[in-house]
Amino acid sequence: MIIIPTDNFMDLYKLLPQTNCGKCEPKTCMAFALELLKGNVKIADCPPLSEDPKYKDKLAQLQELIGAEEGKKKELRITIDDELCDGCGICVTICPVNARYCYSTLSGKVPDYPPDEHQLFVIKDGKCELLALDQCRRITAQGRERECRVCETYCPREALEISYDIIDE
Amino acid sequence: MKFKKIVCTGCSLLCDDIIIEENDNGRIEQIIGACVRGKERFKSIKSQNRILTPLIRENDDLKEAAWDEALKKTLQMIEDSSNPILYGFSTTSCEAQAEGIRLARAIDGFIDSNSTICQGITLEKSKETGVTMTTLTEIINKGDIILLWGFNPIESIPRLLNKILFSRGKFRMTGREIKTLIVIDPVETASYKIMGPRDIPLLIKPASDLELIQALKKICKEEMEIPSEGIAGIDKMDLERLVANLVDSENISILIGQGMLQPSDDGDPLKELLELIEILNTVNEKGRVSIIMGGGHFNMTGFDQTALSLTGKNHSLQFKDSTLIDTEDNIITKIEKNDFDLSIIVGTDPISHLPLEISKKLVTKPMILIDNKKNSTYYVADVVLPTAITGVETDGTAFRIDEVPIKLTKLYDPPNDLPSDEELLIKINNKIKEE
């Protein structure tokens, strides 16, 4: 069986003890899952997982899921395929961060131009353009809101992809 | 650097939130907010396919001609004709459409727009049952259910679902989360890719819309139970959810697409659908069901509205002795019967979009083309009169997909001082009056 390295930290979170025991560095299981995905911590950094025999199955699954990519530093990327994108602007409207500063309606408020510094996406010349990745919920938000994938989910052309890529050092 | 706000005439949505960024030379630097269709519309002003001078056909070749000469030839052709047809008018302003109808009246011609083979049919049939119309802004602010029936706006009107489904409205603050999308289509189109947890994607068996609508009519009147094996390839649970959504929601909008326009041998699904809507409106005590007609050309509904206000009929207008007379014909049957001796085409490309048999017949008679870019019809026309691009190089009025009139803005002067469709038709009308 081929295991595809996951981009979704909720998959990892489900395999953690979910007790928030506070024995690891980020203190909570949710934060540990994200750090694990980014490669900042290793599976062994979670003491209950390796010590308590009741988590044996979960540990094996987790090791299988992360595989050889354990410990390699990863970074959030949002890639937009210009060939597929048709500039419908659904990502601009649906992004919860954008919604705080602008939303598009036929007679209401429209996205500002030049864009606000918090705005993530803008449609230029019929194609979507990423402006400020550092404002993305996956970086700025806390808790479950961090697992935000609305732009990727609702892109009708499947042109937008969220991924964690290994950074070369 | 200058920013200009403009209405986009790329499709029937007529987005009014497009921003043009100009460089210091007054040329388009960037187009903000427009989709690919809109971008191409703005970029087309510098297209290589633009027609910049009038042309007259001489021995199988189009030769450049002066305006006087081309107009003289046009008038000669009109004078020689006793049964002209005028066709097109969906991609021009309402003012030009009104002039087109006046021209048809003056020369005792037959005038038709693209809506005769498109949503004009729905408008005409909806008069028999009485159907409530809605506006896009109402769907944004109050919509609950959006039902796409035989309609795939992701491909044809890219920003439509962005606006009506994803936008956060006044009474629907959470936008996408609170609205339910239902799609009924025989093929899994791109519109199926934006389904959320509460949405209902329905794949219907091809050509069985009629069966589903007739069953829904009975179910809504409580004359029939939902059969356990389902209807038209849709299973029972999905049908239960569909019926519950239709009879128990406040604001339901049905977007009727081109897939519904073709009558089948057993009956007319469109007529039945409009009757179903009428039944739903009596059964539904909470709210109402309204329709939007999904046409693509930016001012196709405009022709229907202009013709209705000037003559009382929305398409297929036959004039005789300067008065409107009754006719069963439309542009297709007219050409099929060879019942014409001259065609005047305004802003459309019948050679590529009408069936081959029909366009073969169209080519046999003299043809005048009024358009701004080369297309298949350009290569067979006898006289070509170039005009400015409406909505970019001329202003005017156009009707949005939901029958709301929108004022178009002029951004640039046309090249070679090209006249607008309206100016050109006024000029022809005046010359005919003089004679």
Side-chain angles (χ1 to χ4, degrees), chain A residues 10 80-116 119-131 137 144-145 147-162, chain B residues 1 3 5 10 13-21 28-43 135-137 139-141 152-155 157-170 173-177 189-196 400 402 404 406:
Chain A
M10 284 308 279
I80 298 153
D81 190 336
D82 267 3
E83 288 283 300
L84 295 172
C85 177
D86 64 358
C88 66
I90 286 177
C91 47
V92 179
T93 315
I94 196 73
C95 175
V97 180
N98 275 2
R100 268 182 251 149
Y101 306 97
C102 62
Y103 53 90
S104 137
T105 71
L106 277 167
S107 50
K109 196 172 177 275
V110 296
D112 296 327
Y113 197 83
D116 189 281
Q119 199 173 317
L120 249 93
F121 301 105
V122 70
I123 304 294
K124 264 186 196 172
D125 282 345
K127 300 283 170 197
C128 177
E129 203 179 295
L130 185 67
L131 292 176
R137 262 195 175 184
R144 264 173 195 276
E145 279 195 352
E147 187 39 50
C148 172
R149 269 176 193 271
V150 279
C151 52
E152 190 189 53
T153 315
Y154 286 120
C155 180
R157 294 287 180 189
E158 293 169 351
L160 205 148
E161 198 192 353
I162 294 173
Chain B
M1 212 76 90
F3 298 109
K5 226 174 158 188
L13 190 58
L14 297 173
C15 297
D16 50 8
D17 54 357
I18 309 299
I19 297 163
I20 298 264
E21 188 184 330
I28 296 177
E29 178 82 24
Q30 259 174 349
I31 303 155
I32 314 293
C35 63
V36 259
R37 263 190 95 161
K39 182 198 107 185
E40 290 305 324
R41 177 80 180 166
F42 291 117
K43 292 266 157 104
T135 67
L136 299 180
T137 325
I139 308 181
I140 292 172
N141 290 329
N152 178 19
I154 295 290
E155 312 271 357
I157 309 176
R159 296 187 83 207
L160 180 66
L161 287 181
N162 172 16
K163 307 237 170 188
I164 62 173
L165 182 67
F166 289 90
S167 280
R168 291 153 181 89
K170 183 142 180 137
M173 287 301 284
T174 43
R176 181 71 183 93
E177 286 164 35
T189 59
S191 301
Y192 284 82
K193 298 215 172 108
I194 49 167
M195 287 290 161
R400 204 165 67 192
D402 53 350
V404 173
I406 304 274

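Throughout, protein chains are lettered first and strands after them, A, B, ... in sequence-line order, and every chain is numbered starting at 1. Not measured: the values here are computed from a predicted model.
The shortest side-chain heavy-atom distance between A:Val122 and B:Ile32 falls under the 4.5 Å cut-off. A 4.5 Å side-chain heavy-atom check between B:Arg41 and B:Ile18 finds every atom pair outside the cut-off. For the pair B:Ile194/B:Leu165, a side-chain contact is recorded, criterion being any heavy-atom separation below 4.5 Å from C-beta on.
Judged by distance alone, with hydrogens and angles left aside, the side-chain atoms of B:Arg168 form a donor-acceptor pair with the main-chain N or O of A:Ile94 at under 3.5 Å.
Heavy-atom neighbours of chain B within the stretch residues 80-88 of chain A, taken at a separation under 4.5 angstrom, comprise A:Asp86, A:Gly87, A:Cys88.
Summarising the geometry of A:Glu152 relative to A:Leu160, their closest heavy-atom pair is CG-O, 3.5 Å, with the distance given to 0.1 Å. Closest non-hydrogen pair, B:Asn152 versus B:Ser191, comes out as OD1-OG, 2.6 Å. Between B:Ile154 and B:Ala190, the shortest heavy-atom contact is CG2-CB, 3.6 Å.
Neither the backbone nor the side chain of A:Glu129 has a heavy atom closer than 4.5 Å to any heavy atom of chain B. Contacts of B:Lys39 with chain A are made by side-chain atoms alone, with heavy-atom separations under 4.5 Å and no backbone atom involved. Using a 4.5 Å cut-off between heavy atoms, B:Glu29 contacts chain A through its backbone alone, with no side-chain atom that close. With a 4.5 angstrom heavy-atom cutoff, B:Lys43 touches chain A only via side-chain atoms. Contact annotation for B:Glu40: neither backbone nor side-chain heavy atoms come within less than 4.5 Å of a heavy atom of chain A. Both the backbone and the side chain of B:Phe166 come within contact range of chain A, with heavy atoms under 4.5 Å apart.
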Kindly indicate, with the supporting measurements, whether the criterion side-chain contact (heavy atoms from CB on, under 4.5 Å) is fulfilled by B:Asp17 and B:Lys163.
CA-CA 11 Å; B:Asp17 54 357; B:Lys163 307 237 170 188; 3.0 Å; yes
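Among residues two or more places apart in sequence or in another chain, the salt bridge (Lys or Arg N to Asp or Glu O under 4.0 Å) test is passed with A:Arg137 by A:Glu145.
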